[in-house]
Amino acid sequence: MIGDPSGKSEERQLLSEETLRANVEGMGRQMRRLLDFDDAERPALLVNNYDWVGPFGFLEFLRDVGKHFPVNVMLTKDSVRSRLERTDSGLSYTEFSYMLLQAYDFAHLRRHHDCELQVGGSDQWGNITAGIDLARRLDGVQLYGMTCPLLTKSDGTKMGKTESGALWLAPERTSPYQFYQYWINLDDADVGKCLRFFTDLGREEIESIVAEHQLDPGRREAQRRLASELTRLVHGDEGLHVARRATEIFFGAEIGELSDAQLVQIFADVPSKGMPVDAIGGEGLSVLDALCAAGLAKSKGDARRTIEQGGGYVNNRRIENVEQRLTSADLASETVMVLRSGKKRYALLRFGGEHD
RNA sequence: GGGGGGUUUCCCGAGCGGUCAAAGGGGUCAGACUGUAAAUCUGAUGGCAGUGCCUUCGCAGGUUCGAAUCCUGCACCCCCCA
């Protein structure tokens, strides 16, 4: 409900209690893939600090926790200072206090769960050390922190930003295919770093992958390996399988000799849309409408522009004419048509069956 | 409470009352080159229709033949003083 001021250039938006509950549950679902919550000895634990901070009275908090925080120290923390130095945005007391909450959380977790190490991105350094200080003052114990550098791409921009938004772990937001494609497309310069950061591969193996990649970067073996490892980690073998199959269909052999059986399997994983079958009967469907419906264009004007510049494709054949209409002759398989914008943005249109 | 500054199209940021759908940059999209890479170059970038129409410049009114540009009120943000 209260956010960390670090990194943000503006006061962050506060979320409602329900939204947060939902977010916490969502995180739990994703963490379950990566951590073992059922281990008999030391199961992973997901806790919500609302459970202990929520009931904490304001006065008690000020008395028991707040008094241990010298304001002059707080002011020197990067997260605070950077915000105060900006002239176009301020820092509310709420955000300023965030550090106290996170620090207290650490102390609380130590008391109740013997938690002694807090890890996080390097932007959390200030908050983590605040927690270490607090626990020492409060309980006389020594806690530890560990941070890792924030991951940025070689061009300085943040990782995980794709053309069409952010990269999500949740399959509903970023399908395994899209997730896989993100890593396949990664800059050469960033592959090694990502292999080290995100995979469990050993150092020698990574080094040999990178070395081989440098010999023949065009094969993008490093990217393939990275994409495979990560897709399996996040979406499991099944997700990886679908992602690969979709990739093979689109970037592999000719499109045209496909069957519904092949396409329908990947249908849900690729941006797609179902349409009534009579859309391609008679006159046929305008290519402009088709691109819009498939989500490859924001508007008809956008679709027109794409096609006029040579970026529109049906079944991997360039659309030459904006006036062109699509009929059943343009289907790639029994019911599915493969549309593409640019070199690598694919979408499917399925005719008949359910539509939306 | 007092004083000052601000709110422009995805973002930043220009913008003489008409020639402003609005400079410039970023981003994004597309093309060329390649390797589904980077860099570079080119084009595009409100909507619908193709030399026209419609909706945009915090919100609501007003002045004007005509406003993003002037006036009034409101909202929000920032800074300084108390």
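Below, chain A is the first sequence line, B the second, and so on; all start at residue 1.
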For [N], what is the paired nucleotide under Watson-Crick or G-U wobble rules, both distances under 3.5 Å?
{"N": "B:U7", "value": "B:A75"}
{"N": "B:A22", "value": "none"}
{"N": "B:C48", "value": "B:G52"}
{"N": "B:G43", "value": "B:C29"}
{"N": "B:U64", "value": "none"}

>> Rounded to the nearest 0.5 Å, what separates atom CZ in A:R42 from atom CG in A:D114?
In response: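 With rounding to 0.5 Å, CZ (A:R42) is 8.0 Å from CG (A:D114).
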
> What string of B, S and - do you get for nucleotides 30-38 of chain B, 5' to 3', if B is base contact, S is sugar-phosphate-only contact and - is no contact with any protein heavy atom under 4.0 Å?
Replying inline: SSSBBBBBS

> B:C29 phosphate, OP1 or OP2: any side-chain N/O from A:K298 under 4.0 angstrom?
Replying inline: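 Checking B:C29 against A:K298, no side-chain N or O comes under 4.0 Å of OP1 or OP2.
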
What integer number of Å spans the [atom1] atoms of [N] and [M]?
{"N": "B:A60", "M": "B:G47", "atom1": "P", "value": "23 Å"}
{"N": "B:G24", "M": "B:G1", "atom1": "P", "value": "44 Å"}
{"N": "B:G5", "M": "B:C71", "atom1": "P", "value": "13 Å"}

> Any side-chain donor-acceptor pair under 3.5 Å between A:R244 and A:T231?
Replying inline: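 Short answer, no.
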
>> Would you say CD of A:Q30 has more than 12 non-hydrogen atoms from neighbouring residues, nucleotides or ligands within 6.0 angstrom?
In response: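 Yes, CD of A:Q30 has more than 12 neighbouring heavy atoms, counting only those of other groups under 6.0 Å.
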
>> Out of the candidates A:V47, A:V53, A:L100, only one should pair with A:D105 under the side-chain contact (heavy atoms from CB on, under 4.5 Å) rule; please name it.
In response: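 Option passing the side-chain contact (heavy atoms from CB on, under 4.5 Å) with A:D105: A:V53.
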
